[in-house]
Structure formats: C-alpha cells, structure tokens
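Just so it is clear, the structure is predicted and the values come from calculations on it, not from any experiment.
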Amino acid sequence: MTIQPKELSVLAPEGFQNALSRRAFLKFGTAVAGAAFLASCSNDSAPTSSAEPDTTDANATGTTAASSSAGSILGDYSTVINKATGTLAMFTWGDYNDPGIVGALATEQVGVKMKVDFYPSNEDLITKLAAGNGTSGYDIVVPTGAYLPQMVQKGLLQKLDKSLLPNMANIDPLYLKQDFDPNNDFTVCKNWGSTGWIWNKKEITRDIATWADFIDVAMKEASGKTSVIDTPVNLAGMYFWANGIDWNTEKPEELDAYEKFIVNDFSQHVKAFDSYPSTKIAEGAYTLAMAWNGDARQTYTRIKDAGGNPDDWSWALGAPETEIWMDCYSIPVGAPNVEAAHAWINWVLSPEISIKDLQYHGYNSGMKNMSALLAEVAPDLTRGDMIFFKDEQVKTMRTNVVNSSQDRKVDILNKAKAKAAG
C-alpha cells in the first residue's frame with residue numbers, strides 16, 4: 001500500500017539510553033480500588049535498555065520480504081501478513097491508533113473487524129481484566145511496561161506465540177527485552193514517549209523552559225487557563241522536578257511539602273485536570289497545558305482544523321527532567337480470538353503500517369532504521385522533533401516506579417482536584 005505523506009519536520013532518534021515506561025501511570029480520579037490493587041503487588045524495578053541499534057537484516061528470520069523497488073529500505077524489513085477472520089476486540093487508550101488501522105484497513109488487509117473500547121488508566125485496565133477473570137472478552141490490551149510484572153503475577157496476560165509474530169524482527173532491539181519482560185514473553189512494543197507542555201505565545205509572551213517556569217506561569221499569566229495531566233505521578237513529577245527532587249521519592253517530609261504546595265497554593269489556578277488537552281486547546285479553553293508529546297503534536301492539527309493559527313503555539317519537553325514511558329501490545333488470558341490477535345499485532349509491526357500509525361498518534365513506534373524508513377515512507381512527516389528526541393533529551397528522562405508513595409500521590413491528586421473545583 002502507499003501512504004500519503006504529511007509534511008516533514010525532522011527524521012529520527014539519535015539514540016536511546018534510558019529506561020522505558022509510560023505516560024498514564026494511573027489516572028486515579030477515584031482510584032481507591034486501584035491503590036488497593038497496587039498495594040497487593042510487589043514493586044518492580046524500572047526497566048532499562050542500553051543496547052546500541054542493531055543493523056542486522058530483518059530477513060535473517062526467514063520471513064518474506066516486502067515487494068519494493070531496488071534499493072528500497074522496505075526491502076530490509078520482513079512484512080509477513082497473516083490473514084485472520086472474525087471480530088477482534090481491543091481495550092486501549094483513547095485515540096491511540098490511526099482509525100484505518102482499527103477499521104477498514106484492518107478488514108481489508110488482515111481480514112478482521114475491530115471493536116475498540118477505551119480506558120483512561122492502567123488501573124482501569126487491570127481492574128477490568130481482574131474482574132473478568134478470563135472472561136473480559138478482549139483479545140488485545142495495551143498496558144504500560146511498569147505494570148507488566150504485576151499483571152503477569154495476577155495471571156491477567158497470556159504468553160505470546162512468537163512464531164505468529166515474525167514481524168517482531170522489524171523492531172529495533174532497543175525496544176525489546178526490557179526488564180519488565182526480558183524475553184518478550186508477554187509484550188511487543190507499541191510505542192514510547194514523554195511529557196512537556198504547550199502554550200499560546202500570543203497570551204504568554206515569556207519562554208517556558210523548565211517545570212519551575214511552567215508552575216510560575218500557571219499561577220500568574222495562565223491562572224485559570226491551565227490544564228495538567230490527570231494522573232497522580234504527572235502532577236507530582238511537575239513539582240518534584242521543579243524542585244530538584246526525585247519524582248519517585250518516598251520521604252514523608254518531601255511528600256508533605258508537595259501536598260501543601262499543590263493543594264493550598266497551586267490547585268486553584270488549574271482550570272482542568274485533562275490528560276488529552278488538544279481538543280480543548282483547539283476550542284480555546286486553555287492557554288497553557290501539560291501534555292504527552294503525541295497529544296501535544298496533535299494539538300497543532302486540531303487548532304488548524306478549528307480555524308486557528310498553529311504558529312501561535314509553542315511546545316517544550318519537560319526540563320530539567322521529565323518522564324519516559326513505553327506501552328505494549330499484549331493478549332489477555334481468556335482472549336476469544338487469539339490467532340486473530342496475533343495476526344493483527346504482526347500486521348501493525350510491518351513498517352508501512354507502523355509509520356502510518358506513528359503519523360497519527362505521534363509517538364516513536366520503534367522500527368529499525370527509522371531515519372531511512374521515514375525518508376522513504378513518510379518524507380513529509382510533520383513536527384518530527386516532537387516524536388524523536390535527541391540523546392541529550394533522552395538522558396533527562398526518568399521512569400516512574402510504583403512504590404509506597406503511590407497511595408499518597410493519589411490522595412494528593414484527589415485533594416487538589418477538590419480544591420480546584422471548589
């Protein structure tokens with residue numbers, strides 16, 4: 001198939017040196033049950049990766065290469081398409097796949113019809129699967145790496161049949177064999193990303209270069225016009241990084257200071273706790289928003305579609321530190337259509353489909369030789385600098401650790417939301 005190009009910004013990552021995790025480490029708006037669940041699970045160490053990019057030909061697996069012109073980068077990729085039938089049910093994050101990939105294109109190329117439901121947090125996913133006890137009805141789920149050990153321990157996920165996933169050979173080894181799943185028994189990388197903020201330069205005339213700047217502007221020029229991501233860890237990360245403190249701290253005195261500031265001083269300046277602010281920004285609701293990089297990138301398109309001027313807005317990656325996360329495709333225990341689930345996942349791991357999805361959601365999908373692949377398949381990709389980060393940026397990214405502070409962070413978020421609403 002041919003993918004229509006969409007405007008170019010930059011090409012691909014220069015390297016990947018830190019641990020991988022995920023953005024929405026629990027929404028927890030009313031997460032008492034989620035906190036209790038996590039309390040019953042042992043903490044896992046942050047996943048890490050320090051491998052150099054692999055230049056091995058993907059066709060060494062013996063799979064069939066894509067038909068392509070001489071010298072095409074696609075010739076270096078396996079693109080096996082396994083056909084399947086039936087309806088495939090997926091439980092995932094909102095607005096997280098190109099509509100065709102979970103719609104007509106999946107039916108045309110794989111043979112499956114897709115039914116997609118959405119959840120706002122890993123906690124909601126875990127609760128749904130645990131309550132279903134193997135009868136949730138879902139074939140594919142998209143958890144965050146940090147939660148995999150707990151989910152496996154609880155018997156919520158089944159092992160992948162990697163013989164049905166030959167296109168795993170297309171993934172850069174940097175995104176395989178993470179600490180949360182060292183043999184990729186339960187997961188395949190979907191994509192990874194980070195967090196920063198986007199602001200209206202017409203209304204906020206100074207630069208916002210650090211989390212301390214973000215907080216100051218939110219309490220001054222953007223007071224009442226600011227949104228923050230609706231998760232306990234992202235709100236906490238904003239404060240701790242602004243103050244040079246490890247966002248995984250368990251020290252009571254540091255958590256006390258965080259609560260005092262966020263609840264008493266900061267929350268009344270927040271208009272909304274919104275994990276996907278791009279639509280509201282396009283509607284004119286916010287002038288400053290904390291955002292995951294993919295949603296921030298979509299903001300520019302939505303502003304343009306709404307008749308606004310995208311050039312009025314600036315994006316910055318969180319500094320001096322920010323988060324890093326990885327989401328993965330997995331198959332839950334009791335999935336009714338396991339073969340179709342493998343077929344669809346394998347199809348998404350073909351380079352053209354992976355890049356088509358990347359163009360939509362705006363997160364690095366982990367294909368090998370990304371620079372050359374983008375140059376051929378998507379030469380006009382827009383705002384690539386919001387998808388692919390430089391080495392020096394990746395070095396500032398930190399994974400979340402689910403530890404003893406989680407319940408406290410949940411409580412602080414709920415108090416902040418109550419204060420903001422009041």
Side-chain angles (χ1 to χ4, degrees), residues 23-24 26-30 93-96 99 118-121 193-239 242 262-263 265-318 322-323 360-363 382-383 386 412-422:
R23 63 180 191 232
L26 307 182
K27 182 178 181 182
F28 280 128
T30 54
W93 306 91
D95 203 24
Y96 208 26
F118 306 109
Y119 52 81
S121 71
S194 191
T195 305
W197 50 81
I198 186 167
W199 74 96
N200 188 324
K201 295 181 293 185
K202 293 290 186 180
E203 299 192 37
I204 302 167
T205 57
R206 58 171 159 149
D207 190 31
I208 306 176
T210 67
W211 288 110
D213 293 339
F214 178 91
I215 290 172
D216 192 57
V217 172
M219 296 174 69
K220 293 177 181 175
E221 300 100 307
S223 179
K225 299 179 182 179
T226 295
S227 71
V228 294
I229 292 175
D230 190 10
T231 72
V233 295
N234 285 104
L235 188 65
M238 174 195 73
Y239 170 83
I262 289 296
V263 175
D265 301 328
F266 183 78
S267 60
Q268 62 265 37
H269 299 282
V270 176
K271 181 172 184 177
F273 293 79
D274 186 347
S275 294
Y276 301 94
S278 58
T279 298
K280 288 291 187 180
I281 289 174
E283 294 172 354
Y286 315 135
T287 60
L288 173 65
M290 183 193 303
W292 295 309
N293 60 294
D295 194 60
R297 180 175 172 270
Q298 288 187 18
T299 299
Y300 289 94
T301 298
R302 290 176 177 164
I303 291 171
K304 183 177 180 180
D305 290 345
N309 183 3
D311 293 336
D312 289 345
W313 290 78
S314 283
W315 151 263
L317 184 68
T322 192
E323 73 169 326
Y360 181 81
H361 57 59
Y363 297 106
T382 185
R383 301 184 189 277
M386 296 181 70
I412 293 169
L413 173 61
N414 288 333
K415 288 178 179 177
K417 292 169 76 171
K419 186 69 174 287

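To the nearest 0.5 Å, the span separating CZ on F273 from CG on L413 amounts to 6.0 Å. Atom CG in D274 sits 9.5 Å away from atom CD1 in I229 (nearest 0.5 Å). Here the CD atom belonging to Q268 is positioned 7.0 Å from the CE atom belonging to M219, to the nearest 0.5 angstrom.
A 4.5 Å side-chain heavy-atom check between D295 and P277 finds at least one atom pair inside the cut-off. Taking the side chain as every heavy atom from C-beta outward, M238 and I262 approach each other to under 4.5 Å. In this structure, the side chains of R383 and W315 stay at 4.5 Å or more apart for every pair of heavy atoms. Residues T322 and W197 have side chains not in contact (no heavy-atom distance under 4.5 Å, counting atoms from C-beta outward).
V270 and A272 get closest at one heavy-atom pair: CG1-O, 3.3 Å. In plain terms, the two heavy atoms of T231 and S275 that are nearest each other are CG2-OG, 4.4 Å. Heavy-atom minimum distance, W292 versus T195: CD1-OG1, 3.1 Å. Between S223 and H269, the shortest heavy-atom contact is OG-ND1, 2.7 Å. The two residues E323 and N234 come nearest to each other via the heavy atoms OE2-ND2, 2.8 Å. The nearest pair of heavy atoms linking A289 to F214 is C-CE1, 4.1 Å.
Take D216 and apply the side chain to side chain donor-acceptor pair (under 3.5 Å) test, not counting sequence neighbours, and it matches R206, K220. Applying the ring-ring contact (aromatic ring centres under 6.0 Å, His included) rule to F266 yields no partners; only residues at least two apart in sequence or on another chain are considered. For the ring-ring contact (aromatic ring centres under 6.0 Å, His included) test, residues two or more places apart in sequence or in another chain that qualify with Y119 are F91, W93. In terms of the side chain to side chain donor-acceptor pair (under 3.5 Å) criterion, N293 has no residue partners (sequence neighbours excluded). Partners of A222 according to the side chain to side chain contact (heavy atoms under 4.5 Å, CB included) rule, which considers only residues two or more places apart in sequence or in another chain, are I204, V217, T226, T287, L288. The salt bridge (charged side-chain N to carboxylate O under 4.0 Å, His left out) test applied to K271 returns no partner, not counting sequence neighbours. Scanning for ring-ring contact (aromatic ring centres under 6.0 Å, His included) contacts around Y286 gives an empty result, with sequence neighbours left out. In this structure D213 satisfies the side chain to side chain donor-acceptor pair (under 3.5 Å) test together with T210, sequence neighbours excluded. Legend: residues meeting side chain to side chain contact (heavy atoms under 4.5 Å, CB included) with T279, ordered by chain and number and at least two apart, are E283, R302.
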Show me, pair by pair, the donor-acceptor contacts under 3.5 angstrom made by side chains of residues 305-313, not counting sequence neighbours?
unit_1: N309; atom_1: OD1; unit_2: D311; atom_2: N; d: 3.0
unit_1: N309; atom_1: ND2; unit_2: D312; atom_2: OD1; d: 3.4

Passes side chain to side chain contact (heavy atoms under 4.5 Å, CB included), W199 versus I281? Steps please. CA-CA 9 Å; W199 74 96; I281 289 174; over 6 Å; no
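Shown here is K201, whose NZ atom has more than 12 heavy atoms of other residues, nucleotides or ligands within 6.0 Å.
With respect to S267, the side chain to side chain contact (heavy atoms under 4.5 Å, CB included) criterion is satisfied by exactly one of K417, K419, K415: K419. Shown are Y276, Y360, F118; of these, the side chain to side chain contact (heavy atoms under 4.5 Å, CB included) with D95 is made only by Y360.
The aromatic rings of Y96 and H361 sit tilted, their planes meeting at an angle between 30° and 60°.
Proximity of a side-chain donor or acceptor of T301 to a complementary backbone N or O of R297 within less than 3.5 Å is not detected.
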